[in-house]
Undergrad: 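Starting off with a structure, shown below.
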There are 2 protein chains.
Amino acid sequence: MKEVTIYDIAKKLNISASSVSRAISNNTNISAATRKKILQAADEMGYRVNNFARNLRKDNNNKLIGVIFHKLNSQFSINALYSIEKVVRNAGYDIIICHSSESHEQEIINAGNLFQRRVDGLIVGLSSDVGNINHFDKYIENDIPVFLFDRVKTDFPGVKVVLDNFKAAYMATTHLIERGCKRIVHIAGKQTSAVYIDRLKGYKHALAEHGIKYSPALVLHRGVDAAAAPLLAQDILEMSPGPDGVFAVNDLCAVMCMKALQKAGVKIPEDIAFVGFNNDVMSTVIEPNLTTVNYSGEEIGEIVAKMIIDEIRTKNETKSNYTITLQPELIIRESSNRK
Amino acid sequence: MKEVTIYDIAKKLNISASSVSRAISNNTNISAATRKKILQAADEMGYRVNNFARNLRKDNNNKLIGVIFHKLNSQFSINALYSIEKVVRNAGYDIIICHSSESHEQEIINAGNLFQRRVDGLIVGLSSDVGNINHFDKYIENDIPVFLFDRVKTDFPGVKVVLDNFKAAYMATTHLIERGCKRIVHIAGKQTSAVYIDRLKGYKHALAEHGIKYSPALVLHRGVDAAAAPLLAQDILEMSPGPDGVFAVNDLCAVMCMKALQKAGVKIPEDIAFVGFNNDVMSTVIEPNLTTVNYSGEEIGEIVAKMIIDEIRTKNETKSNYTITLQPELIIRESSNRK
DNA sequence: CTGAAAGCGCTAACAA
DNA sequence: TTGTTAGCGCTTTCAG
């Protein structure tokens, strides 16, 4: 089917294409009468603006935000995406999303791809926050803002939005200590990610501050997904003396691990108290309900989206370079209710 | 910063722009030597193709799939989106997603927006499957495939991918009957959606086929989210005689309702057996584990994405118009283990 | 308030 | 194999 152009409309109405253009793009230099006539004809003829032509003429008007995230199938990511979509759409932008599957290679491909697409801005949750990130250099050279969130690289020269993971882990561990725990297991994440590194640091710091000696044997590196849970539970059961508290880096593995331990006869929180991370829905499904750090994705998604829209709109000469640090909040539930 | 164009490269290398174009777009009519020279210069000069110009010249090459979905923050939608993204990206397309928030108005706006974006295809989970859907007419007129999934309108002239909801509900209800349930509550969804209408029908059909009289009082219309759970539990507790089975249209409300009932002293499955829908992760977190219909989103997302990519690639003259119906599968767990 | 004309960056027919 | 040329649909000066 042949597309209708402004020339078709112009010809039909016996006016110039420029007038049609003015009417279509809400330009002021046109009388209300002709505008109305044009708009009506455009509608009747099934006209749609050709954004390719429009963008070819005047650039930087793509109204498109790219999102690259390391994970797509988790409660956290969907909440973040949900917020980002909402904010960005309200501002009149669309989002185009890419999944990097925790792969640095894929992230580089995605970054190149979205650059070709000429996104006006890029929101990224890094696949890994060690390793170089010069695949964003071309964005910076072209004054396209790149904002990192959740997983960031601290030396990245741009805006970063993060949770204070150190403090969150510190609070979680301190909470367990205050509830009388002395031998606290930490279910750790991959130490290639600052997020997990900071959580381990916060855990250690809380121990040190309360005069508890740090023991590497209590830090478990089996992974943090559902599949790792039975192994983690096994590790915990085999410890002697057994631990009296567990701080896990996410709710999913905390919950699955709790279930495995309960099946083996462990009482929670009496024998072992648990604290998770994220405030996933399932933390309120498990019995006892899981004490956790509130970090569900919605807030951070909303903030990073708002900030980047603001950056795009104000187009200031000087590149923004700052970090927004969200304060963690511990949600205390039954799983740590002892003493 | 000024963009580098093929003319800049041509000038620098003292060749014509068409040669540069040929090299960039992998055209065969060019010698290996010049191609190499051009590609190298392009790289050095920081050239990136201008897709606006390219698409203006030769249309239908946007390599973009639009996705409109009524809900974004649920396990099902994450999984569907995850699969769609994976398939579509493998095929070399990007996806641009829009959330219609269960609003028909928003869906119309999104459809118009993505049409402007000139997506090559549109995947839609309808906000509501009653009401008209002529906001897709312009796609059809322009030969842009629109594929519906999950929530579809049966008279839509195009490809539809659905679960056999009638059969799924029939299986779930029959299972409860076979486990000895006689007074089975159905937690129903909004009857503006064929998905929920069919599930209610399947429920009724199973009752009828097993000689159980249908009672409208056993069908609850309080909503199907976590907030509705306490009300649903209250309704169930106030029934006299009380029910011995519950079939809910999703796992979330089933699980939350189970918890409310357990808190009130109801034993599951001894007093009341439960069957949910979706096979959400939380169905394996709740105790007892929830029997449910496996409909997690991954499979349906993968199918609809594969089909639309295939349709786009083959560009057949005749518009495809068929329905793919997924066979439901009941996952039997402890929550219905009685008799 | 309206029209004429140039040009955004690219591709593809045609010519050499 | 390479170059010349026209034009995709639009916006935007500049004239009137």
Side-chain angles (χ1 to χ4, degrees), chain A residues 1-43 45-64 115-118 120 138 142, chain B residues 1-43 45-64 115-118 120 138 142:
Chain A
M1 186 186 147
K2 190 71 190 65
E3 291 276 350
V4 178
T5 73
I6 58 172
Y7 289 101
D8 298 328
I9 301 174
K11 193 178 291 174
K12 182 167 184 185
L13 263 37
N14 253 316
I15 53 174
S16 75
S18 1
S19 289
V20 178
S21 170
R22 280 188 271 259
I24 300 291
S25 47
N26 290 318
N27 191 304
T28 45
N29 295 119
I30 190 165
S31 73
T34 38
R35 154 165 295 141
K36 194 179 163 193
K37 197 170 60 180
I38 291 166
L39 258 31
Q40 192 180 333
D43 193 44
M45 298 168 74
Y47 169 81
R48 58 172 172 172
V49 306
N50 187 324
N51 278 309
F52 300 135
R54 180 177 275 181
N55 282 311
L56 180 57
R57 242 335 272 259
K58 48 175 216 171
D59 37 27
N60 299 324
N61 196 36
N62 202 5
K63 292 280 190 181
L64 190 60
F115 184 71
Q116 291 288 353
R117 283 265 177 217
R118 309 210 170 208
D120 301 308
K138 45 191 169 189
N142 284 275
Chain B
M1 186 186 147
K2 191 68 194 64
E3 290 276 350
V4 178
T5 73
I6 57 171
Y7 288 102
D8 298 327
I9 300 174
K11 193 178 290 173
K12 181 165 184 187
L13 262 38
N14 254 317
I15 52 175
S16 76
S18 13
S19 289
V20 178
S21 170
R22 281 188 270 258
I24 300 293
S25 47
N26 289 318
N27 191 304
T28 44
N29 295 118
I30 189 165
S31 73
T34 38
R35 153 164 297 139
K36 194 178 163 194
K37 196 171 58 180
I38 290 165
L39 259 28
Q40 190 180 335
D43 193 45
M45 298 168 77
Y47 169 81
R48 58 172 172 172
V49 306
N50 187 325
N51 279 308
F52 300 135
R54 180 177 277 182
N55 282 310
L56 179 57
R57 242 339 271 261
K58 48 174 217 171
D59 36 27
N60 298 325
N61 196 34
N62 202 4
K63 292 281 190 180
L64 191 60
F115 185 71
Q116 291 288 354
R117 284 267 176 212
R118 310 212 168 206
D120 301 307
K138 46 192 168 189
N142 284 275

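Nothing here was measured: the structure is a model prediction, and the numbers come from that model. Labels below follow one simple rule: chain letters A, B, ... track the order of the sequence lines, proteins then strands, and each chain is numbered from 1.
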Undergrad: Residues two or more places apart in sequence or in another chain: which of them pass side chain to side chain donor-acceptor pair (under 3.5 Å) with A:Arg118?
TA: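 For A:Arg118 there are no side chain to side chain donor-acceptor pair (under 3.5 Å) partners, ignoring immediate neighbours.
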Undergrad: Side chain of A:Ile6: nearest nucleotide among D:dG9, D:dT11, C:dG3?
TA: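 Nearest to the side chain of A:Ile6 among the choices is D:dT11.
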Undergrad: Test your reading of the model: is there a side-chain donor-acceptor pair from B:Ser21 to the backbone of B:Ala17, 3.5 Å cut-off?
TA: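 Here the side-chain-to-backbone pair does not exist.
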Undergrad: Please name all residues satisfying ring-ring contact (aromatic ring centres under 6.0 Å, His included) with A:Phe115, sequence neighbours left out, ordered by chain then number.
TA: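 Testing A:Phe115 for ring-ring contact (aromatic ring centres under 6.0 Å, His included), a comparison that skips the adjacent residues, returns A:Tyr139.
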Undergrad: With a non-hydrogen cut-off below 4.0 angstrom, is A:Ile15 in contact with a base, only sugar-phosphate, or nothing?
TA: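 Counting heavy atoms under 4.0 Å across all strands, the contact made by A:Ile15 is with sugar-phosphate only.
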Undergrad: Is any side-chain heavy atom of A:Ile6 less than 4.5 Å from a side-chain heavy atom of A:Tyr47?
TA: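 They are in side-chain contact.
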Undergrad: Record whether the side chain of A:Tyr7 comes under 3.5 Å of the base of D:dC8 through a donor-acceptor pair of N or O atoms.
TA: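 It does not, because no donor-acceptor pair links the side chain of A:Tyr7 to the base of D:dC8 below 3.5 Å.
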Undergrad: Quick check on the helix from C:dC1-D:dG16 to C:dA16-D:dT1: what's the angle between its two end axes, five base pairs per end, to the nearest 10°?
TA: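 One end's axis against the other's: 30°.
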Undergrad: Without decimals, in angstroms, what is the distance between B:Ile9 CD1 and C:dT11 P?
TA: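 Rounded to whole Å, this separation is 11 Å.
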Undergrad: Rounded to the Å, how far apart are B:Phe52 CZ and C:dT11 P?
TA: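 Rounded to whole Å, this separation is 14 Å.
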Undergrad: Can you check the B:Asn50 CG to C:dT11 P distance for me, whole Å?
TA: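 Spelled out: CG on B:Asn50 to P on C:dT11 is 9 Å.
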Undergrad: How would you label the contact of B:Asn29 with the nucleic acid (heavy atoms, under 4.0 Å): base, sugar-phosphate, or nothing?
TA: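 Counting heavy atoms under 4.0 Å across all strands, the contact made by B:Asn29 includes a base.
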Undergrad: Is there a residue in residues 30-43 of chain A whose heavy atoms reach under 4.0 Å of DNA chain D, and which residues are they?
TA: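 When residues 30-43 of chain A is checked for heavy atoms under 4.0 Å from DNA chain D, there are no hits whatsoever.
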Undergrad: Just so I know, are the side chains of A:Glu3 and A:Asn50 near enough to count as touching, which here means a heavy-atom distance under 4.5 Å?
TA: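 Answer no - side chains too far apart.
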Undergrad: Show the atom names and distances, to 0.1 Å, of all donor-acceptor pairs under 3.5 Å that link a side chain in residues 32-39 of chain A to residues at least two apart or in another chain.
TA:
{"residue": "A:Thr34", "atom": "OG1", "partner": "A:Ser31", "partner atom": "O", "Å": "3.1"}
{"residue": "A:Thr34", "atom": "OG1", "partner": "A:Ser31", "partner atom": "OG", "Å": "2.6"}
{"residue": "A:Arg35", "atom": "NH2", "partner": "A:Asn27", "partner atom": "O", "Å": "2.4"}

Undergrad: Could you list all N or O pairs between the protein and nucleotides 12-16 of chain C that sit under 3.5 Å apart?
TA:
{"residue": "C:dA12", "atom": "O4'", "partner": "B:Arg57", "partner atom": "NH2", "Å": "3.4"}

